[in-house]
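Quick note on labels: first sequence line is chain A, next is B, and so on, each numbered from 1. The basis for the numbers below is simple: all heavy atoms, side chains too, and nothing from hydrogens, waters or symmetry mates.
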Amino acid sequence: MKFSLIVHASPFSAQTSSTAYRYAKCLLEEGHQIFRIFYYGDGVLVANQQIAPPQDETNLLSSWQSLAKTHNLDLVVCIAAAVKRGVLDDNEAQRYDKENANLALGFELSGLGQLAEAIAVSDRVITFGN
Amino acid sequence: MKFSLIVHASPFSAQTSSTAYRYAKCLLEEGHQIFRIFYYGDGVLVANQQIAPPQDETNLLSSWQSLAKTHNLDLVVCIAAAVKRGVLDDNEAQRYDKENANLALGFELSGLGQLAEAIAVSDRVITFGN
Amino acid sequence: MIDKKSILIINQSAPYGSSKARESLDVALTCSIFEMPVSLLFIGDGLYQLINNQSPDALSMKKHEAMLSALPMYDIENIYITEEDLESIGLTENDLAIPVTLIQRDAIASLIQQNDSVLTF
Amino acid sequence: MIDKKSILIINQSAPYGSSKARESLDVALTCSIFEMPVSLLFIGDGLYQLINNQSPDALSMKKHEAMLSALPMYDIENIYITEEDLESIGLTENDLAIPVTLIQRDAIASLIQQNDSVLTF
Amino acid sequence: MLNGLSSGDAVLLIEDAVYSALEAHQSIFKALSPDDIQLSALEADIQARGLEDKLSPRFSSVNDQGFVKLSCEHDKIVSWY
Amino acid sequence: MLNGLSSGDAVLLIEDAVYSALEAHQSIFKALSPDDIQLSALEADIQARGLEDKLSPRFSSVNDQGFVKLSCEHDKIVSWY
């Protein structure tokens with residue numbers, strides 16, 4: 001089946017982002033297809049390449065990145081949510097006159113239309129967090 | 001009286017950080033002293049200079065900065081919480097091999113000992129968020 | 001390219017205290033722009049979003065009530081609350097900022113069934 | 001330089017689902033290192049932190065129970081729960097990972113009064 | 001957490017907690033004697049949420065200055081989110 | 001949100017919600033007929049929290065594969081955080 005996931009919660013203060021990752025991994029192992037993962041609200045914070053998790057904790061950012069690389073996943077970060085949280089690609093860094101882009105490799109900033117499309121074309125849409 | 005404040009909640013998804021700011025401002029207007037503001041948990045995210053709030057929304061980062069400048073406030077960001085959330089000063093950026101520091105001007109990274117000290121020397125400690 | 005899948009957005013969060021209420025409206029408006037039929041259900045604390053006479057100036061926040069008033073311009077007119085929830089907070093339809101359709105709590109299941117996709121905020 | 005102010009930390013959050021439980025312990029240990037007397041009260045969902053036989057390997061998270069076991073090494077030995085809370089989740093002291101002091105719910109007020117500062121997580 | 005209150009304490013509702021000051025929710029506070037425990041809610045949060053005319057008479061409205069004043073009058077502050 | 005359930009639906013508790021599968025909290029689910037609504041809780045979350053031997057018999061333990069299977073079997077998924 002074709003799935004899309006919405007990830008809402010802060011990856012630092014809630015288990016939810018990590019549950020979403022485990023679920024996505026299992027979906028793929030079971031032979032399902034992931035059309036898109038859409039990060040919204042504080043969920044976008046996982047796409048900040050400045051993140052430096054303690055060595056004895058899971059690095060959720062690199063987990064998503066390697067899953068995306070292996071399975072060619074479409075990881076879309078809500079642009080409005082990201083910009084106000086300081087997660088910027090080159091374009092947005094320039095637009096808002098910030099020195100550096102910090103969007104992690106493998107993620108892409110885009111609008112809520114990408115969420116609408118994901119809902120439209122997926123057999124199942126599962127929200128992690130609300 | 002001598003106050004310290006602890007700010008816990010994400011400035012982007014909860015009202016709490018903004019309530020804390022209003023309270024701090026009022027404390028100072030009423031003639032009280034603020035020994036320290038300690039940012040912990042997702043509360044540290046307000047100190048990311050990459051933040052670009054929409055023009056029609058309050059810029060909580062610059063609000064804190066200007067309050068701190070006027071009143072010479074001690075804004076301390078929990079270093080462990082900040083590093084795992086990708087909020088880094090020059091030292092930490094170097095230590096974790098990240099390209100750029102992004103800790104906003106007026107804030108300082110330090111350990112939980114600063115919270116313990118704030119509790120010890122303040123007449124009142126108020127937590128915003130939990 | 002986009003199917004006209006119908007969406008039910010369930011709102012269970014109060015306004016102002018968190019950003020959920022606004023995020024929910026942003027999704028609702030976007031889906032509507034993409035011509036997907038959108039219904040909104042406000043339950044539990046979500047019902048508080050609809051209370052009239054909101055005046056958030058002192059919070060420097062946008063008036064949620066005003067954003068809700070824009071819904072008809074986006075052709076979002078299926079707005080539901082339950083009689084039980086309204087009664088449980090001791091208010092009446094006169095206390096609400098926008099017109100709503102009152103349903104019974106046990107009609108929520110069929111509302112979910114009638115729509116192709118459900119999001120919760 | 002640091003006064004020996006006593007601190008009561010009230011824990012109302014379950015472990016694993018949020019980072020509160022760990023943040024609370026980090027503060028408790030730090031205050032104790034700074035020689036401030038620390039008491040811990042676990043109430044409501046916070047009581048779940050104490051359940052034994054935790055095994056979070058599949059979540060790739062640290063075992064909260066193990067972190068609690070380190071408390072005596074930091075001289076944190078005043079650990080309170082209420083009889084009412086324990087009863088309300090249908091468990092007994094045998095289900096708990098560490099020794100605790102059982103108090104009545106209406107003794108919470110005096111616990112707050114006995115300490116110089118109160119933090120909630 | 002109302003269990004932790006004792007005579008002379010005050011409760012201030014802020015942010016979304018101000019909804020609890022609605023008449024319909026007063027059973028939450030029924031164990032608290034009005035003579036012992038002062039109940040109030042933060043004005044800015046009340047106004048934002050349209051509750052000005054809808055509060056239980058047990059609650060007084062307190063502005064930011066009043067919040068500061070309450071913080072000074074009570075030597076222990078317990079935040080409850 | 002249990003109000004929204006109808007016959008044939010399934011409820012899966014995840015993360016901190018698995019605590020609701022404790023026997024002591026079963027009054028939450030008493031309106032749901034066991035013949036109509038399947039109740040389960042996520043294995044990884046149960047084990048993490050030490051609840052393996054403490055669950056109400058109404059709940060079955062479901063692993064990550066089971067979570068995926070439930071998602072396929074039901075054409076509408078309502079998340080409830």
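Between atom CG of residue E:L5 and atom CD1 of residue D:I112 there is a gap of 7.5 Å, rounded to the nearest 0.5 Å.
Partners of E:L55 under the side-chain contact (heavy atoms from CB on, under 4.5 Å) rule, at least two apart in sequence or in another chain, are E:A21, E:I46, E:L51. Checked against ring pair (Phe, Tyr, Trp, His ring centres under 6.0 Å), D:F121 has the following partners two or more places apart in sequence or in another chain: B:H8.
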Taking 3.5 Å as the threshold, show me the donor-acceptor pairs across chain E and chain D, one per line with distances to 0.1 Å.
unit_1, atom_1, unit_2, atom_2, d
E:S6, OG, D:Q113, NE2, 2.6
E:K76, NZ, D:I112, O, 3.3
E:K76, NZ, D:Q113, O, 2.8
E:K76, NZ, D:N115, O, 2.6
E:S79, O, D:T120, OG1, 2.8
E:Y81, O, D:Q12, NE2, 3.3

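Of the listed residues D:L119, D:L8, D:I108, the one with more heavy-atom pairs under 4.5 angstrom with chain E than any other is D:I108.
With a threshold of 4.5 angstrom between heavy atoms, D:I10 approaches chain E through side-chain atoms but not through N, CA, C or O.
Note on residues 20-52 of chain E: pairs passing ring-ring contact (aromatic ring centres under 6.0 Å, His included), not counting sequence neighbours, are E:F29-E:F59.
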